[in-house]
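Heavy-atom basis, side chains included; hydrogens, waters and symmetry copies ignored. In this text the structure is predicted, and so the values were computed from the model without any measurement.
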Amino acid sequence: MFEEIYRESRQRTVGLAMGLSSEDLARTVPACPEWTVHLLLAHLAGVAADFAAGRVEGAPGAEWTARHIAERADVPVLDLLEQWNADGDRLTKIPTQMAMDALAHEADLRALLGRERVPDHAWQPVLTVIVTRFLTDLTVKTEFGTLGEGPVVVEADGYEFWRAFFGRRSRAQMESWNWSTPFPVEKATYFPPRATDLVE
């Protein structure tokens, strides 16, 4: 499943990036405010290169990610996309975290560019895995079904919950959902909640 999710996400993101102007590539990504679009693509290319080479010590930590940027900040975007495709094609198995990362950053890019969100068939199975594997304290009621069997029930838009898990929503946004009992929302995320709201 994750191999297909990753390869389809990569194809969509490369397709989006191919047509961007230099001005678009220099824009700051609101979901990752320390990066421009160019640097986001550098990160994605770096992840594929590292996994293809078995260079994964420290993944997915801040130093590992920072190295992707440092090594590729001056590489032209078309070269980055070519490298990403080549290294991605070398992988016979796609790690779950790599697919999740690519899909989250595709959503970051789409939101910045004002494009339609990531297709439901891509993020919904990822959210199902997240809830059932990592958030066992929760039952998450979404518009496409109920996920998990935890004692704390939360009703939320599925896409919003998926984005929040990767640190793309604020504590206030998450606390506004319908919780059956008070719950520390940072326990429902992989990356900490944002300090400010992000509306996409």
4.5 Å side-chain heavy-atom contact, E200 and R169: yes
In one Ile/Leu/Val/Met/Phe/Trp/Tyr side-chain cluster, 4.5 Å: Y159, V154: yes
Separation of D79 CG from D74 CG (nearest 0.5 Å): 12.0 Å
Shared hydrophobic cluster for L40 and F191 (ILVMFWY, side-chain gaps under 4.5 Å): no
V47 vs W84 side-chain heavy atoms within contact, under 4.5 Å: no
Whether H68 and H43 hold their rings parallel, tilted or perpendicular, with breakpoints at 30° and 60°: tilted
Joint hydrophobic cluster, W123 plus L109, side-chain heavy atoms closer than 4.5 Å: no
Salt-bridge criterion met for E63 and R67 (N-O under 4.0 Å): no
Trace of the side chain to side chain contact (heavy atoms under 4.5 Å, CB included) decision for F2 with V129: CA-CA 11 Å; F2 282 100; V129 170; 4.1 Å; yes
Polar side-chain atom of R168 near backbone of F161 as donor-acceptor pair, under 3.5 Å: no
Please tabulate, one pair per line, all N/O donor-acceptor pairs under 3.5 Å involving side-chain atoms of residues 32-39, not counting sequence neighbours.
| residue | atom | partner | partner atom | Å |
| --- | --- | --- | --- | --- |
| T36 | OG1 | H38 | N | 3.4 |
| T36 | OG1 | L39 | N | 3.2 |
| H38 | NE2 | V75 | O | 2.7 |

Euclidean distance, R27 CZ relative to L112 CG, rounded to 0.5 Å: 4.0 Å
Donor-acceptor pair, side chain of T65 and main chain of A62, under 3.5 angstrom: no
Nearest-0.5 Å distance that lies between atom OG1 in T13 and atom CG in L41: 8.0 Å
Check ion pair E71-R55 (N to O, under 4.0 angstrom): yes
Salt-bridge criterion met for D87 and R10 (N-O under 4.0 Å): no
Pairwise side-chain contact, D108 with R163, heavy-atom cut-off 4.5 Å (strictly under): yes
Flag side-chain contact, heavy atom, 4.5 Å: Q11 against N85: no
Salt bridge (Lys or Arg N to Asp or Glu O under 4.0 Å) contacts touching residues 120-143 (sequence neighbours left out): R117-D120
Over 12 non-hydrogen atoms of neighbours within 6.0 angstrom of CD in E3: yes
Nearest-0.5 Å distance that lies between atom CD in Q97 and atom OH in Y6: 11.5 Å
Steps toward side chain to side chain contact (heavy atoms under 4.5 Å, CB included) verdict (L16, R12): CA-CA 6 Å; L16 286 172; R12 290 190 300 266; 5.6 Å; no
Minimum heavy-atom distance between A102 and S9, given as atom pair plus value: O-OG, 3.5 Å
Non-hydrogen atoms of I5 and P125 that approach each other most closely: CD1-CG, 4.3 Å
For the student: nearest non-hydrogen atoms of P193 and S170, plus distance: CB-C, 4.0 Å
Note, F144 side chain near T128 side chain (heavy atom, < 4.5 Å): yes
Value rounded to 0.5 Å, distance of CZ in F166 from CZ in R194: 15.5 Å
Within 6.0 Å of OH in Y190, more than 12 heavy atoms from elsewhere: no
Non-hydrogen atoms of M174 and A188 that approach each other most closely: CE-CB, 4.1 Å
Heavy-atom check, side chain of L127 versus side chain of F165, under 4.5 Å: no
Contact summary for P30 and L198, nearest pair of heavy atoms: CB-CD1, 4.0 Å
Same apolar cluster: M1 and I94, side chain cutoff 4.5 Å: no
CG on L138 to CD1 on I130, rounded to 0.5 Å: 12.0 Å
same_hphob_cluster(V118, L147) at 4.5 Å side-chain heavy-atom cutoff: yes
Nearest heavy atoms of R90 and A52, plus distance in Å: NH2-O, 3.6 Å
Verdict with reasoning, R171 to E186, per side chain to side chain contact (heavy atoms under 4.5 Å, CB included): CA-CA 8 Å; R171 177 182 299 276; E186 64 273 7; 3.0 Å; yes
Intermediate values then yes/no, side chain to side chain contact (heavy atoms under 4.5 Å, CB included), D101 and H105: CA-CA 6 Å; D101 181 68; H105 288 309; 3.2 Å; yes
